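Per chain, numbering begins at 1; letters A, B, ... match sequence-line order. None of the values given here were measured: they were computed from a predicted structure.
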2 protein chains.
Amino acid sequence: MTRARRSDALSRERIVEAAVELLDATGEAGLTFRALSERLSTGAGAIYWHVANKDELRGAATDAVVASALAGVGAAAPREVLRAVGLALFDAIDEHPWLGTQLGAQMSRTPQGPTTPRLLEAIGRPVSALGVPEAAWFTATSTVMYYVLGAAGQNAVNGRAGSAELDRTAFLDAAATAWEELDADDYPFVRRVAAQMRDHDDQRQFVDGLDAVIAGILALHPPGR
Amino acid sequence: MTRARRSDALSRERIVEAAVELLDATGEAGLTFRALSERLSTGAGAIYWHVANKDELRGAATDAVVASALAGVGAAAPREVLRAVGLALFDAIDEHPWLGTQLGAQMSRTPQGPTTPRLLEAIGRPVSALGVPEAAWFTATSTVMYYVLGAAGQNAVNGRAGSAELDRTAFLDAAATAWEELDADDYPFVRRVAAQMRDHDDQRQFVDGLDAVIAGILALHPPGR
DNA sequence: ACCTGAACACCGTTCAAGT
DNA sequence: ACCTGAACACCGTTCAAGT
């Protein structure tokens, strides 16, 4: 019943864990050395003993979530594994909305960091198991990865306070309505497709697209016999 | 021979133009109301008369660059148009590296804004012209868009000072070397593919992947006769 | 070795006051 | 209507000083 107070020593692991919680609770802009040090009952500067700077902290938080999401993916047929990897990331973004915009930026900024190889390995193994010729492994895997990252970034919902489901409906409806009011000459396609977007199911659309990407890769890089 | 000084009145257009220049010259972190107002020889607060806040300013800069990139895409066979749209964005990111990470974030944050419909229209028209059944238009177009956005985010090179070509080579080499030194049991795929990544051609890989995505969409959503 | 917390050099944004 | 620039409430990061 006492007030929360320091029980363990500080460690990189505890800091990253707290950063994830803070990001979940307050979003991208809420991750602050001051807020984080308060949550850890320590001084702002103490964090710098374990983490070089804010970029590294964000990167570590991103990687921790990705690692834990991918850990749940089991062995199966290549196509199933690819779907499972994609959906694991999809679910992770649902739980940690900040991940969507963070993931792509993180990976392009520091491909030497842990997250890029982690995701590349998770996608590349099933892609190679599909029978794609080795010369095309990197290209084929990158194609899937680009698709997954693009979808991830796009499906990051803004907040999670209250009913996420209602928020999402209102959000999509507002966008669809705006689309329907666009100029008829400049935006015929968008106007025509606005209703489809209002009613679409994120997850189903994601899996459909992923299946298409896989089919296309196999068509362009057919397994040798 | 006089010092640069205010010649025209401020306008949203001039502000956005200056923001793009500032982003090009100093990167994401360099876009500051103080730096921007200095460049425009005005007070920091003056900008707020024309622009609501920094998010809107970033969004306007992103949209201006995307609009100008897409303006150069001419009419042609659907497949060519899709390649041209993709490459136009690719080139724009080459000239404005900050665009890579900005584009995806921007579109997911404000799909009511101008950039999402702009890109959706540019990709959706050729996709529908490909003969994809109307019921699949939104899904198919989103698939291409996700791929393009993911690739865009990933291919944003960090700086452009000095020789971008040399920077790129060193950047890829560093990443490839790091990949080759990963644990052999945990990262067999990444290690095996590191050399392919060191030598890959961004643009060629992007077009290859785009062709695969298109092929896959046509396989899953074949044109009705 | 690890932590404290004040201090520094910045930010975005607001707003009374000017023209 | 549009602009000025000081002021406010923040930031990330550093670093002498403590234990």
Looking only at side-chain atoms of [X], point me to the closest of [options].
| X | options | answer |
| --- | --- | --- |
| B/Arg34 | D/dC8, D/dG12, C/dC3 | D/dC8 |
| A/Phe33 | C/dT13, D/dT13, C/dC3 | D/dT13 |
| A/Thr32 | D/dC8, C/dC3, D/dC11 | D/dC11 |
| B/Ala9 | C/dA7, D/dC3, D/dC8 | D/dC3 |

Would you mind reading off the distance between [X] atom [atom1] and [N] atom [atom2], rounded to a whole angstrom?
| X | N | atom1 | atom2 | value |
| --- | --- | --- | --- | --- |
| B/Ile15 | D/dC2 | CD1 | P | 11 Å |
| B/Lys54 | D/dC10 | NZ | P | 18 Å |
| A/Glu38 | C/dC3 | CD | P | 18 Å |
| A/Leu36 | D/dG12 | CG | P | 10 Å |
| B/Tyr48 | D/dC2 | OH | C1' | 17 Å |

Point to revise | A/His50 vs C/dC3: side-chain N/O to OP1/OP2 distance below 4.0 Å | key: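 A/His50 to C/dC3 OP1/OP2: side-chain N or O found under 4.0 Å.
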Review point. Would you say C/dC3 has OP1 or OP2 under 4.0 Å from some side-chain N or O of A/Trp49?
Key: no
Scan every strand shown for a Watson-Crick or G-U wobble partner of [N], both distances under 3.5 Å, and answer none if you come up empty.
| N | result |
| --- | --- |
| D/dA17 | none |
| C/dC3 | none |
| C/dC10 | none |

Check your understanding: For B/Leu31, which contact category applies under a 4.0 Å heavy-atom criterion: base, sugar-phosphate, or nothing?
Key ->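 Here B/Leu31 touches the backbone only, sparing every base.
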Check your understanding: Does any N or O in the side chain of A/Gln102 come within less than 3.5 Å of the main-chain N or O of A/Thr62, such that one atom is a donor and the other an acceptor?
Key ->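 Not confirmed, A/Gln102 side chain does not pair with A/Thr62 backbone.
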Review point. On DNA chain D, nearest-nucleotide positions of B/Ile47 versus A/Asn53: which is more 5'?
Key: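 In this pair, the answer is B/Ile47.
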Practice item. Evaluate the side-chain contact (heavy atoms from CB on, under 4.5 Å) criterion for residues B/Arg58 and B/Trp98: first the C-alpha distance (whole Å), next the side-chain angles of each, then the deciding distance (0.1 Å), finally the verdict. Key: CA-CA 10 Å; B/Arg58 256 194 302 253; B/Trp98 49 272; over 6 Å; no
Check your understanding: According to the interplanar angle, ranging from 0 to 90°, do the rings of B/Phe206 and B/Tyr147 count as parallel (below 30°), tilted (30 to 60°) or perpendicular (above 60°)?
Key -> parallel
**Study point:** Heavy-atom closest contact (B/Leu40 atom, B/Ala18 atom, distance)
**Key:** CD2-CB, 3.8 Å
Practice item. Please assess B/Arg109 against A/Glu28 for the test salt bridge (charged side-chain N to carboxylate O under 4.0 Å, His left out), listing each intermediate value before the final yes or no. Key: CA-CA 12 Å; B/Arg109 228 173 281 136; A/Glu28 184 69 49; over 6 Å; no
